[in-house]
Amino acid sequence: MTSATSTHQRHVLVIGAHGVVGRAVSEHLVAQPDWTVTTAARRGPLEELFNGLQPPRHISLDLLDPDQATHALAESREITHLVYAGYAERSTMAAMVEPNLEMLANTLTALEAAAAALEHVVLIGGGKSYGEHLGPYKTPAKESDPRFLGPIFYNEQEDLLRERAHARGFGWTVLRPDGVFGPSTGSPMNILTSLAVFAAISRELGVPLRFPGSHGAWTALHQTTDADLLARAVEWALVAPSARDEIFNVINGDHFRWQHLWPDLAGFFDMPSAPPQPLSLQEQMSDKEPVWDRIVEKYNLRRTPYPAIASWPFVDGWLNTNYDMVQSTIKIRQAGFTCCQDTHTSLLRNLTNLRRNQLIP
């Protein structure tokens with residue numbers, strides 16, 4: 001086992017830097033004087049950070065190619081910490097197991113080959129560990145709850161991480177956020193920008209903002225995780241002794257109902273709302289690319305391709321979850337991470353961030 005580094009020697013590798021989580025973690029840690037940050041992803045480097053700082057050093061690599069991963073990370077001896085937020089989207093949960101497990105395995109193998117002095121790994125999981133994507137589940141869900149019958153790649157990733165950590169002597173932490181609110185483009189799990197694009201297009205077409213999900217979801221108790229809150233939890237987990245070899249839910253700390261949050265979204269875009277009208281966003285928004293292009297030109301927005309700015313199937317799933325989604329945050333609070341965030345404030349702050357950075361009108 002390696003000895004603990006002093007703060008000025010901490011060098012973290014963030015895998016999946018273009019996703020909602022990876023970007024938030026990268027931007028937060030770049031702003032901290034005690035951390036050196038390197039990012040890695042299939043795509044190129046982060047262009048400019050929303051916090052105004054210079055982007056960190058970036059490594060472009062395909063983690064599904066073990067030889068490429070080993071070559072790309074060969075000069076990573078200085079890496080002391082790893083945040084793994086990589087994700088490979090596939091058509092079914094079963095199909096996602098192999099590639100997502102392989103990417104994590106190839107990352108750990110490549111860092112071992114580089115003789116990296118790895119001390120701690122934070123793995124980003126999620127609420128699907130409790131089966132929330134399958135239907136009503138036991139709430140509040142706790143980290144001690146037994147696993148459900150898969151397939152769910154989170155289980156295989158956690159088992160692999162435990163095995164490698166035991167063999168190599170580094171610590172690990174699994175964080176389980178849910179429905180992260182934060183900026184990104186091209187992420188398959190981004191509800192915030194998708195909702196903003198839906199609202200902007202509705203306004204451009206002169207229609208009120210209608211909740212497109214199910215009537216059950218409109219009134220059910222839901223939850224989310226602010227991206228900045230999660231980034232702070234990651235920083236805490238990387239070094240806190242009480243986080244070593246533990247799993248924690250990371251939720252804002254409150255819960256919400258769409259019937260109460262929806263007026264905030266409409267108000268941000270200064271548009272009227274109307275009663276819910278269930279519909280498939282994947283279908284209804286499939287022909288709206290010309291409208292989005294017109295909005296980009298009209299408001300001089302960043303030229304983000306329509307397929308990269310929104311994730312309609314993911315949002316459809318969220319807005320049709322007609323049962324309570326509640327994860328307990330007692331364990332992480334008792335371990336020492338006590339930060340929280342009001343979800344209504346989180347929504348408006350993150351939308352303002354998107355607008356300030358010219359991603360939405």
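One is the number of the first residue; the rest follow in order along the sequence.
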- Task: Only pairs at least two apart or in different chains count here, so list each side chain to side chain donor-acceptor pair (under 3.5 Å) that has a residue in residues 204-216.
- Result: Glu204-Arg294, Glu204-Lys298
- Query: Above 12 or not: heavy atoms from other molecules or residues under 6.0 Å from CZ of Arg162?
  - Reply: yes
- Message: Leu265 vs Leu351, test: side chain to side chain contact (heavy atoms under 4.5 Å, CB included). Steps then yes/no.
- Response: CA-CA 9 Å; Leu265 179 62; Leu351 288 172; 3.8 Å; yes
- Side chain His11, main chain Ser76, donor-acceptor under 3.5 Å: no
- Sub-3.5 Å donor-acceptor pair from the side chain of His58 to the main-chain atoms of Gly44, do we have one? yes
- Does any N or O in the side chain of Arg43 come within less than 3.5 Å of the main-chain N or O of His18, such that one atom is a donor and the other an acceptor? no
- Item | Evaluation steps, side chain to side chain contact (heavy atoms under 4.5 Å, CB included), between Gln277 and Gln284 | CA-CA 12 Å; Gln277 183 181 49; Gln284 296 295 125; over 6 Å; no
- Report the relative orientation of the aromatic rings in His81 and Trp35; use parallel for angles under 30°, tilted for 30 to 60°, perpendicular for over 60°. perpendicular
- If you draw a 6.0 Å radius around NE2 in His133, do more than 12 non-hydrogen atoms from other residues or ligands fall strictly inside? yes
- Message: Take a 6.0 Å sphere around CG of Leu205 and say whether it holds more than 12 heavy atoms from other residues, nucleotides or ligands.
- Response: yes
- Under the 3.5 angstrom rule, does the side chain of Thr139 hit a backbone N or O of Val326 as a donor-acceptor pair? no
- Message: Closer than 4.0 angstrom, basic N to acidic O: yes or no for Lys142 and Asp145?
- Response: no
- Considering all heavy atoms of both residues, which atom of Trp318 and which atom of Met325 are nearest to each other, and what is their separation? NE1-CE, 4.4 Å
- Message: Assigning hydrophobic clusters by single linkage (Ile, Leu, Val, Met, Phe, Trp, Tyr; side-chain heavy-atom cutoff under 4.5 Å), is Leu195 placed with Tyr299?
- Response: yes
- Task: Using atom types as modelled and distance alone, determine if a side-chain donor or acceptor of Ser280 lies under 3.5 Å from a backbone N or O of Glu283.
- Result: yes
- Test: Arg176 cationic atom under 6.0 Å from Tyr154 six-membered ring centre, within 45° of axis: no
- Given the rule that I, L, V, M, F, W and Y join up when any side-chain heavy atoms are under 4.5 Å apart, are Leu134 and Phe153 in one cluster? yes
- Query: Same hydrophobic cluster for Val207 and Val291, using side-chain heavy-atom links shorter than 4.5 Å among ILVMFWY?
  - Reply: no
- Task: Mark yes when over 12 heavy atoms from residues, nucleotides or ligands other than Asp287 sit less than 6.0 Å from its CG; otherwise mark no.
- Result: yes
- May I have the step-by-step check of side chain to side chain contact (heavy atoms under 4.5 Å, CB included) for Phe268 and Ile360, ending in yes or no? CA-CA 11 Å; Phe268 180 83; Ile360 63 172; 4.1 Å; yes
- Fit a plane to each ring of Trp262 and Phe198, take the angle between them on a 0 to 90° scale, and name the class: parallel (under 30°), tilted (30 to 60°) or perpendicular (over 60°). tilted
- Report yes or no: does Asn100 contribute a side-chain atom to a donor-acceptor pair with the main-chain N or O of Ala88 at less than 3.5 Å? yes
- Item | Cluster link Val25 to Ile251, ILVMFWY, side chain under 4.5 Å | no
- Do Cys340 and Leu229 have side-chain heavy atoms sitting under 4.5 Å apart? no
- May I ask whether Met93 and Phe148 are part of the same hydrophobic cluster, defined by side-chain heavy atoms of I, L, V, M, F, W, Y residues being less than 4.5 angstrom apart, directly or through others? yes
- According to the salt bridge (Lys or Arg N to Asp or Glu O under 4.0 Å) rule, which pairs have a member within residues 321-341, sequence neighbours left out? Glu246-Lys331
- Once the angle between the rings of Phe181 and Phe256 is folded into 0 to 90°, is it parallel (under 30°), tilted (30 to 60°) or perpendicular (over 60°)? tilted
- Report the relative orientation of the aromatic rings in Phe211 and Trp258; use parallel for angles under 30°, tilted for 30 to 60°, perpendicular for over 60°. tilted
- Item | Sole candidate of Leu238, Val12, Leu108 that passes side chain to side chain contact (heavy atoms under 4.5 Å, CB included) when paired with Leu82 | Leu108
- Message: Please evaluate residues Asp178 and Tyr130 with respect to the criterion side-chain hydrogen bond (donor to acceptor under 3.5 Å, both in side chains), reporting the C-alpha separation (whole Å), side-chain torsions for both, the decisive distance (0.1 Å), and the verdict.
- Response: CA-CA 11 Å; Asp178 203 22; Tyr130 304 111; over 6 Å; no
- Task: Please tell me if the side chains of Met285 and Tyr306 come closer than 4.5 Å, counting only heavy atoms from C-beta onward.
- Result: yes
- Message: Could you check whether any side-chain N or O of Arg257 sits under 3.5 Å from a backbone N or O of Thr219, counting only pairs where one atom can act as donor and the other as acceptor?
- Response: yes
- Query: For Arg147, does the CZ atom sit with more than 12 other heavy atoms under 6.0 Å from it, leaving out its own atoms?
  - Reply: yes
- Query: Asn252 side chain to Asp254 main-chain N or O, any donor-acceptor pair under 3.5 Å?
  - Reply: no
- Query: Do Pro177 and Ile124 come close enough that some side-chain heavy atom pair is under 4.5 Å?
  - Reply: yes
- Query: Hey, does the side chain of Glu297 reach the backbone of Asp293 with a donor-acceptor pair shorter than 3.5 angstrom?
  - Reply: no
- Task: Would you please say whether a donor-acceptor pair under 3.5 Å links the side chains of Asp62 and Gln68?
- Result: no
- Does any donor atom in the side chain of Arg23 or Thr39 lie under 3.5 Å from an acceptor atom in the other side chain? no
- Flag yes if more than 12 heavy atoms outside Glu143 fall under 6.0 Å of its CD atom; otherwise flag no. yes
- Arg57 versus Thr38, side-chain donor and acceptor atoms under 3.5 Å: yes
- Query: If only atom types and distance count, is the side chain of Thr80 paired as donor or acceptor with the main-chain N or O of Glu119 below 3.5 Å?
  - Reply: no
- Task: Verify whether one side chain among Asn357 and Asn353 offers a donor that lies under 3.5 Å from an acceptor in the other.
- Result: yes
- For the residue pair Ile295 and Ile201, establish whether any side-chain heavy-atom pair is separated by less than 4.5 Å. yes
